[in-house]
There are 6 protein chains.
Amino acid sequence: MVSANLKKKSVFVSGKFCQGPNLAKAENFSFSVKMPGNTNNPLGSNVTAVSVDQIPGLNTLGISAARLDFAPYGEVPPHTHPRATEILVVLEGTLLVGFITSDSNHSLITKVLNQGDVFVFPIGLIHFQVNIGKTNALAFSSLNSKNSGVITIASTVFGSNPPINPEILAKAFMLDVNVVKALQWKF
Amino acid sequence: MVSANLKKKSVFVSGKFCQGPNLAKAENFSFSVKMPGNTNNPLGSNVTAVSVDQIPGLNTLGISAARLDFAPYGEVPPHTHPRATEILVVLEGTLLVGFITSDSNHSLITKVLNQGDVFVFPIGLIHFQVNIGKTNALAFSSLNSKNSGVITIASTVFGSNPPINPEILAKAFMLDVNVVKALQWKF
Amino acid sequence: MVSANLKKKSVFVSGKFCQGPNLAKAENFSFSVKMPGNTNNPLGSNVTAVSVDQIPGLNTLGISAARLDFAPYGEVPPHTHPRATEILVVLEGTLLVGFITSDSNHSLITKVLNQGDVFVFPIGLIHFQVNIGKTNALAFSSLNSKNSGVITIASTVFGSNPPINPEILAKAFMLDVNVVKALQWKF
Amino acid sequence: MVSANLKKKSVFVSGKFCQGPNLAKAENFSFSVKMPGNTNNPLGSNVTAVSVDQIPGLNTLGISAARLDFAPYGEVPPHTHPRATEILVVLEGTLLVGFITSDSNHSLITKVLNQGDVFVFPIGLIHFQVNIGKTNALAFSSLNSKNSGVITIASTVFGSNPPINPEILAKAFMLDVNVVKALQWKF
Amino acid sequence: MVSANLKKKSVFVSGKFCQGPNLAKAENFSFSVKMPGNTNNPLGSNVTAVSVDQIPGLNTLGISAARLDFAPYGEVPPHTHPRATEILVVLEGTLLVGFITSDSNHSLITKVLNQGDVFVFPIGLIHFQVNIGKTNALAFSSLNSKNSGVITIASTVFGSNPPINPEILAKAFMLDVNVVKALQWKF
Amino acid sequence: MVSANLKKKSVFVSGKFCQGPNLAKAENFSFSVKMPGNTNNPLGSNVTAVSVDQIPGLNTLGISAARLDFAPYGEVPPHTHPRATEILVVLEGTLLVGFITSDSNHSLITKVLNQGDVFVFPIGLIHFQVNIGKTNALAFSSLNSKNSGVITIASTVFGSNPPINPEILAKAFMLDVNVVKALQWKF
């Protein structure tokens, strides 16, 4: 069903108001990611999400997508999607991608990807993508949830609102309390 | 888990033998679709699948992908995926895409897509993609199942093995029995 | 829960307004398919659906049913249920039933069924039922979804609204464009 | 997939060995319930199950069925299906059917059903079917699980092996310990 | 999401009105079971539920809990949870726990548990817990559903509202009709 | 079903060999967490898991548990469970618990819990538990998966094997590369 605003003929499914199938229109099933994202930021990357907020027809269908732009040496830092597996295809440039397994070994699985290479990041695992080339890089990802969620590790742990007690993080990360406080101030 | 051949340390999940997570290797999570598919065929199109047979790590993860190549005016003819929704992004050229709703109205939803446009085909609905430009076209699709299935309507209905009794199809398609027999001979 | 109209004490589940369990009444869990369907039509068949629209209590319970009536030589033409497997029992007469597998072999699986015979049509596969006897036939089917969906191949592909461009269908079905246009006019 | 014995080309899905789809045969998807069940027993009823053990093709498809025969005044006593909702159609005779809601009110929902009447028993709830006519009755049920389970209350509670300590049941059922012991001896 | 009353910023998920994640508050994710339940009743036991009605944040999360208090020789009588498996840990005292399998053997599985012992009751099976010590006993259970349901066999079967026809129960339980009537009067 | 070693009568479900229900034994459904875990470590905490490896009967049942021991001021550091929601009850002492929401606000939700207090940590979110009292603390948790997974943020990100390129982490955590290298050496 297609998500909708609250009006006549709408019903309510999975947290979104919906239109009946007889009101389906093409614009409810499409979106453009033609425009590059702005990578002029400290991480040198930009993620343009295509989820149920951009494509109302995705509601209840269990899939979403994203355009990933990278400046040279830009990175999408370690993060997890709590509700989705991600499949990524490189369209331009060269990416180093990796994820860490959830066994006690903390195995790091990495691979250098070029144009046309596809890689899978399993649900819930911490992973990252880094442009290791001198030129811009571009990738397209799909995630098997209409609302996969993103938890960027560093900004979530050190940038929470309010901050976590610095002594808790100092013990967890084996860092000096003052280093933790400085990190929390930055995020 | 990663699908595996039958050897020591393997377990069996969802129809595939699997290695434990401590045996995870990058090649089990990646695949290349760099090479264009061969579109030199009557439909002028080619679909290169990226599913659990190509990426063993996809087992149990619920996602797969495909590269779609189109010669000028080539088409991926009407088909359904019985177990997946598809999200497609156009990388080159201009596609006319469409699906038909499952209500009694049989509404046809179509859209012309250019580079960077994203479109969603809901699970189980009949849909198609046609290159309406004078140049090759290229698209990348993801499907939210490790094994989405493809039922191409024409070749399944008229090309089954053995053939369906022509009189059944003649009545269903309001065609002359001889036309049905000719179709069955072609497929 | 039982679907309901919008009044006090109602809550909203899975696209239907619901009454609390303390308002459950027997009429919300029952329906009659005593009356034969009218088979006086070109296909010589009639399907009487028993889904959440007839039995409000089916909401969220994941099952529905149908009565199938056949005139002599009548047929339920090739169709799919995108969201359900079907189990059918023959109550009167003799049916030829079949489905086509989703592998590239397009294998056709058929069987002649008499009174008391049960047959299963797996989710998403194209299937059909034909009365091959000289008398009326009657069957009862159950489907494991409250809303299984029905996509009748011929009327969906050739009877969409608006019609699919005839050249797309001509190439897909290896038919002359004029034959396609004639079919679209009939449906 | 079709369940199979252990031989070449078989894979293993959901606790059953399976054949590949290219080995699908019609007999794997059908079964006959033509023969009436023997109702010459104290309850005056008989249930002929049609589940994955009778129809190998049901494996992973999530549906099963049963033929219910009743002698005059016979009953299928109070029971639950822990993993399925049941939909029943009466084919001959007159049944009184009922279920008890799971709220603290223990509401009993009953209805008298005649030929062609359909009734739904929601998953996990205690329910029963009784022939209230002077003639045999016949019904056909479908359940949305390949293996719905049946827990007949009386024979499970009083006929367990070994028996439950009679004092536990005496307190639970507000019965004299000797009455409980007598019941356990009967079952 | 957190269940909420009907006001601004609320959305509706799975039968409960919800607040957006930015309105999450700690009290929506916590509850106290510090106080012992009152066991001064014929069964000598008390169950304090912790489900979505007590912890609004449990909505859609698929888990709930309960505190179980037992007077000496008190019991939680035979019951089922139609939608959850239960895992129990004994905190004080000595319990005899058991469940009956769903195969035709009706096998009774029992174990005596002391402080620190954990036991699992599989979904849908009839089970019970009895304090076999001379002191109070205390246990804590978790169930993998936000709303597991409880069907206490004796009070549901003999205490339904209205009562089940006594002759149906007399035949099912092999009891005299007058004994059934007496039981129904007690419950 | 109960997980088993490879012998006669065993079947294979969800990655574990299983015995038929007629072989169910009480020891397959129980485990003891009577013994305190050893908290003599830098974090001052210990988690004793009770999952399918300890209780074979948990296989396919979707629940597991854990005993959490804390020395004074000990902590279970920030971590996620990729496949489960956790419900925790405090049995002794005083814990500060918290989780961070997945919205861009990174809201930190915390609460001080005493004996008898219950708290819920939603699936996939980063959370922690800290003993803020001068005495030992004890808690019991349940998770709605037989195999919830644990990703401890600090040891996973900084202790992977092989290590993540320090420059990637330096940019992600806004730390000096030498601080990252020192952290990776510690973990």
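Chain identifiers are assigned alphabetically (A, B, ...) following the order of the sequence lines, protein sequences preceding nucleic acid strands; residue numbering begins at 1 within each chain.
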J.: Between E:His106 and D:Gly159, what is the shortest heavy-atom contact and its length?
T.: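 Answer, listing the atom of E:His106 first, then D:Gly159: CB-O, 3.8 Å.
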
J.: Examine whether an atom of D:Phe158 lies under 4.5 Å from a heavy atom of chain E, and if so say whether it belongs to the side chain, the backbone or both; otherwise answer neither.
T.: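 The answer is the side chain of D:Phe158.
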
J.: Enter the distance from D:Arg83:CZ to E:Ile123:CD1 here, rounded to the nearest 0.5 Å.
T.: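 So the gap between those two atoms works out to 8.5 Å.
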
J.: Chain D: which of E:Leu175, E:Leu125, E:Val179 shares the most heavy-atom pairs with it under 4.5 Å?
T.: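 Looking at each of E:Leu175, E:Leu125, E:Val179 in turn, E:Leu175 comes out on top.
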
J.: Name the one of E:Asn165, E:Leu169, E:Ile164 that satisfies side-chain contact (heavy atoms from CB on, under 4.5 Å) with D:Phe128?
T.: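 Single side-chain contact (heavy atoms from CB on, under 4.5 Å) partner of D:Phe128 among E:Asn165, E:Leu169, E:Ile164: E:Ile164.
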
J.: Heavy-atom pairs under 4.5 Å with chain E - which of D:Pro77, D:Ala154, D:Pro42, D:Pro163 has more of them than the others?
T.: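 Answer, by heavy-atom pair count under 4.5 Å with chain E: D:Ala154.
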
J.: Between D:Gly149, D:Ser160, D:Pro82, who has the most heavy-atom pairs with chain E when the cutoff is under 4.5 Å?
T.: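 Highest number of pairs under 4.5 Å: D:Ser160.
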
J.: Do D:Ile126 and E:Ile153 come within less than 4.5 Å of each other through their side chains, counting heavy atoms only?
T.: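 Counting from C-beta outward, D:Ile126 and E:Ile153 do come under 4.5 Å.
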
J.: With a 4.5 angstrom heavy-atom cut-off, could you sort out which part of D:Val130 is near chain E: side chain, backbone, both or neither?
T.: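 Contact with chain E involves the side chain of D:Val130 alone.
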
J.: With a 4.5 angstrom heavy-atom cut-off, is it the side chain or the backbone of D:Pro162 that approaches chain E, or both, or neither?
T.: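 It is both, since atoms from each part get that close.
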
J.: I'd like to know whether CD of E:Glu167 has more than 12 heavy-atom contacts from other residues, nucleotides or ligands below 6.0 angstrom.
T.: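 Open: at most 12 neighbouring heavy atoms sit under 6.0 Å from CD of E:Glu167.
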
J.: With a 4.5 Å cut-off on heavy-atom pairs, point out which of E:Leu43, E:Val150, E:Ile168 contacts chain D the most.
T.: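 The option with the most such pairs is E:Ile168.
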
J.: Okay, side chain of E:Lys171, backbone of D:Gly44: is any donor-acceptor separation there less than 3.5 Å?
T.: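 The answer is no, because no donor-acceptor pair under 3.5 Å joins these two groups.
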
J.: On a heavy-atom basis, which atom in D:Phe173 and which in E:Phe187 lie closest, and how many Å separate them?
T.: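 That closest heavy-atom pairing would be O-CE1, 3.7 Å.
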
J.: With a 4.5 angstrom heavy-atom cut-off, which part of D:Ile151 approaches chain E: side chain, backbone, both or neither?
T.: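 The side chain, not the backbone.
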
J.: Crowded around D:Asn178 CG? As in, over 12 foreign heavy atoms under 6.0 Å?
T.: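 Counting neighbours around CG of D:Asn178, more than 12 heavy atoms of other residues, nucleotides or ligands fall under 6.0 Å, so yes.
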
J.: At a 4.5 Å cut-off on heavy atoms, which part of D:Ser155 comes close to chain E: side chain, backbone, both, or neither?
T.: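 Both the backbone and the side chain of D:Ser155 come within 4.5 Å of chain E.
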
J.: Taking D:Lys186 for the side chain and E:Met174 for the main chain, is one N or O donor matched with an acceptor at less than 3.5 Å?
T.: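 Yes, D:Lys186 side chain to E:Met174 backbone: donor-acceptor pair under 3.5 Å.
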
